[in-house]
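What follows is one structure encoded as structure tokens, with my remarks underneath.
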Amino acid sequence: MKQETEEQQDFVKEVTKMSDDFDRWYTDVVRKAEMADWSGVRGMMVVRPYGWAMWEAIMRAFDDMIKESGHENWAFPLLIPREYLMKEAEHVEGFAPEVAWVTKAGGGMEELEEPLAVRPTSETIIGAIIKRYIQSHRDLPKLTNQWNSVVRWEMRSRLFLRSREFWWQEGHTFHASGQEAMDEAQLILGYYRSIAEDWLAVPVLVGKKSPAETFPGAVHTLTLEGLMRDGLALQMGTSHYFGQNFARAYDISFSNRENERELCYSTSWGISTRLVGALVMAHGDDSGLIVPPRIAPTQVIVVPIFRDDEGRAKVERFISSWAGELKAAGIRHRVDWRDERPGDKYAHWELKGVPIRLNVGARDADAGNVEMVDRLTRERVSIPVAGIGQRLTKALDAFQRELFDRAQKFQRDNTYELGTLDEVVAHFRERGGFVWAGWCGDAEEEAKIKADAGGVTVRVIDEATEAAGKCLVCSKPAKFRVALAKAY
RNA sequence: CGGGCGGUAGCUUAGCUCGGUAAAGCGCCUGGUUUGGGACCAGGAGACCGCGAGUUCGAAUCUCGCCCGCCCGACCA
């Protein structure tokens, strides 16, 4: 059954091999699988239906989670008056380099009195607006979210990973106590972890960001990091606790039970279309995408095989005798009736990463079987059509688990524990992955790691584990246990 | 935003050095033969040669400006 490894590698012809050039492989796959493209406007991408459908699956899953815990979707303005943006000092400084401005409008391109920023994120305008709706502790917590796109004037772009416009959700919540807001940030981090691990099948490290990497204006930032197949880490979401920083800047206050004026505590959090890129880079292979079943726009593709009209009619009758069962089982499936040869269709759907394929020809119809092939192992098994809905549901669940297990094994195999900066530098000269080490917490030492090890940064601080041993740079007792990596 | 490279049909590219009828493969359309791992034959459509200016009798080719992309740096969801 599995004699043809080399042969299988050749199935997809036009995609650069992952081992030859990971970056080109990534771009080839995203474009050939019809997920996204460049638009002609610098750094601005167009997300095509196949890619957008994956984002839709993520949106549905996450939207359900936050609705369940009382969050509500809003729509806030795209353009932000300059004065709003200027109020939180660290925030302005952090975002200033990447804000795009609208300075002219109208047929005569008249200069605006006040330039308007195209939102790079909406803390400022939401802060300025939301205070109207918060007067009493009874108005709290205020749990808002919006699904939108934002613009950041990036100098270098990559499909899904970094583009000048990207789609995301941004949640902004306001609370009566710091503890409640911190709990909120943690709750969302848990949701994000579930999206990454349970939906995208990408295992993640979670923890706090170092002060240098903390979101501008935040007290602390929680983050999750996945490991891509080239050994680079990718930030897959962030959840920020602001304390009263934004409330102070925007005067968001409420009357507490004692009838005293008090500033709110706030959070913000986001995941973006970058996750679609993460799924490509965490699971794909030389034949193209491998899409986790829970995200897959098409979970099961049926390839009919026939010689003539009579054969076609027979196969068609056979398929329609059990296709209803797939529908009843809630399986997203399609039958590929295109006028192409079977081999062409196999390669096509492998490139698109459809988890399970059913080959159905006359001999299957006669036997009441279909040939099931899964995208991960490529093993072919003949299965009876009786109970096919249940059978495929199980197979898809198993596929989802195997994909996660495989990614988790990859992450484990590429995670190391090192003690000194020399070791870290030597390590990253040779390979990628995560390196756990002790750190004293000093910003200077962090900068030294980044400089000496060629862009290696502190990705997460593991707060669940007590730091032991010494700082890898200065050998003072370590305050934190941190995961280091090169990242996108 | 700095340094390097590139842009010719839907895609990948040749042609450019040395100016002179725009080419190929893949893809697409039509017909036929085919169909259990990327088929074959025949015919056909498809190109403001990235955009604009300049030099020239004549520009895909030379010059300048701009736009877009790729690689390397700094910045980054």
Side-chain angles (χ1 to χ4, degrees), chain A residues 3-4 7-16 21 23-24 26-28 31-32 34 37-45 94-99 120-121 149-170 192 209 212-213 215-216 221 223-226 234-240 268-278 287-288 303-309 311-312 315 336-351 357-365 369-371 373 378 380 382 450-451 454-455 457 487-488:
Chain A
Q3 80 281 18
E4 65 272 281
E7 191 184 326
Q8 283 169 346
Q9 300 299 310
D10 294 334
F11 285 169
V12 173
K13 286 172 180 164
E14 314 102 13
V15 174
T16 305
D21 185 338
D23 295 351
R24 280 200 61 174
Y26 174 78
T27 307
D28 283 355
R31 300 187 60 198
K32 299 257 160 64
E34 305 180 311
D37 245 320
W38 290 118
S39 63
V41 183
R42 187 183 175 85
M44 300 265 180
M45 68 184 290
F95 278 100
E98 51 191 50
V99 173
T121 176
S149 70
V150 290
V151 169
R152 298 184 186 177
W153 219 244
E154 302 291 351
M155 289 308 149
R156 206 168 160 185
S157 31
R158 213 150 181 241
L159 290 168
F160 286 117
L161 302 188
R162 180 164 301 105
S163 49
R164 285 186 168 176
E165 178 183 23
F166 60 90
W167 291 265
W168 74 344
Q169 59 67 220
E170 47 176 328
Y192 285 167
K209 277 192 170 288
E213 303 263 331
F215 185 81
T221 291
T223 184
L224 45 162
E225 292 278 332
L234 181 73
Q235 179 177 306
M236 293 178 65
T238 47
S239 181
H240 317 291
S268 83
W269 26 274
I271 47 174
S272 72
T273 40
R274 166 179 271 197
L275 293 185
V276 178
S287 297
V303 176
I305 301 159
F306 51 87
R307 288 167 195 281
D308 48 27
D309 284 352
R312 181 190 159 117
V315 170
D336 185 356
W337 287 112
R338 289 177 307 143
D339 186 20
E340 300 290 347
R341 295 163 71 87
D344 186 83
K345 297 180 183 179
Y346 298 166
H348 177 82
W349 295 108
E350 275 171 12
L351 170 62
R357 187 178 74 237
L358 301 179
N359 301 337
V360 185
R363 67 180 189 225
D364 301 294
N369 289 335
V370 296
E371 188 178 70
V373 190
R378 281 188 165 119
R380 298 169 179 221
S382 207
K450 189 171 180 177
T457 49
Y488 277 97

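As the structure is a computational prediction, the values presented were derived from the model and not from experiment. In the text below, chain A, chain B and the rest are named by the order of the sequence lines, each starting its count at 1.
Nucleotides rU13(B) and rC29(B) have their C1' atoms positioned 23 Å apart, rounded to a whole Å. Taking atom P on both rC18(B) and rG43(B), the two are 40 Å apart, rounded to the nearest angstrom. Separating the P atom of rC49(B) from that of rU8(B) is a span of 11 Å, rounded to the nearest Å.
Panel note: side chain R274(A), backbone L161(A); a donor-acceptor pair is recorded below 3.5 Å.
Aromatic stacking is marked for F166(A) over rA77(B), as both cut-offs hold: 5.5 Å for the centres and 30° for the planes.
A 3.5 Å limit on both hydrogen-bonding distances identifies rC1(B) as the Watson-Crick or G-U partner of rG73(B). With a 3.5 Å ceiling on both atom-pair distances, the Watson-Crick or G-U wobble partner of rA23(B) is rU13(B). A 3.5 Å limit on both hydrogen-bonding distances identifies rC68(B) as the Watson-Crick or G-U partner of rG6(B). Pair check for rA42(B) finds rU30(B); Watson-Crick or G-U wobble, both atom distances under 3.5 Å. Taking a pair to require two hydrogen-bonding distances under 3.5 Å in either a Watson-Crick or a G-U wobble arrangement, rU56(B) remains unpaired. Shown here, rC48(B) forms no base pair; nothing in the strands shown gives a Watson-Crick or G-U wobble contact with both key distances under 3.5 Å.
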Identify each atom pair where a protein N or O and an N or O of nucleotides 68-74 of chain B are less than 3.5 Å apart, giving names and distance.
{"residue": "rG69(B)", "atom": "OP1", "partner": "G43(A)", "partner atom": "N", "Å": "2.9"}
{"residue": "rG69(B)", "atom": "OP2", "partner": "R42(A)", "partner atom": "NH1", "Å": "3.2"}
{"residue": "rC70(B)", "atom": "OP1", "partner": "W38(A)", "partner atom": "NE1", "Å": "3.3"}
{"residue": "rC72(B)", "atom": "OP2", "partner": "R156(A)", "partner atom": "NH2", "Å": "2.4"}

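Nearest nucleotide to the D339(A) side chain, out of rC28(B), rG36(B), rU34(B): rU34(B).
Annotation: side-chain contact (heavy atoms from CB on, under 4.5 Å) contacts of A96(A) (sequence neighbours excluded): none. For Y192(A), the side chain to side chain donor-acceptor pair (under 3.5 Å) criterion is met by Q169(A), not counting sequence neighbours.
If you measure from atom CG of L358(A) to atom P of rG36(B), you get 18 Å, rounded to the nearest angstrom. The CG-P distance, from D37(A) to rG10(B), rounds to 14 Å in whole Å.
Under the 4.5 Å side-chain criterion, counting only non-hydrogen atoms from C-beta, I305(A) is in contact with N359(A).
With values rounded to the nearest 0.5 angstrom, F215(A) atom CZ is found 4.5 Å from H240(A) atom NE2.
The residue among R341(A) and K450(A) whose nearest nucleotide of RNA chain B is located toward the 5' end is R341(A).
Enclosure of atom CG in D308(A) by more than 12 non-hydrogen atoms of other residues, nucleotides or ligands within 6.0 angstrom is indicated.
Ring centers of F160(A) and Y488(A): at least 6.0 Å apart, outside the cut-off.
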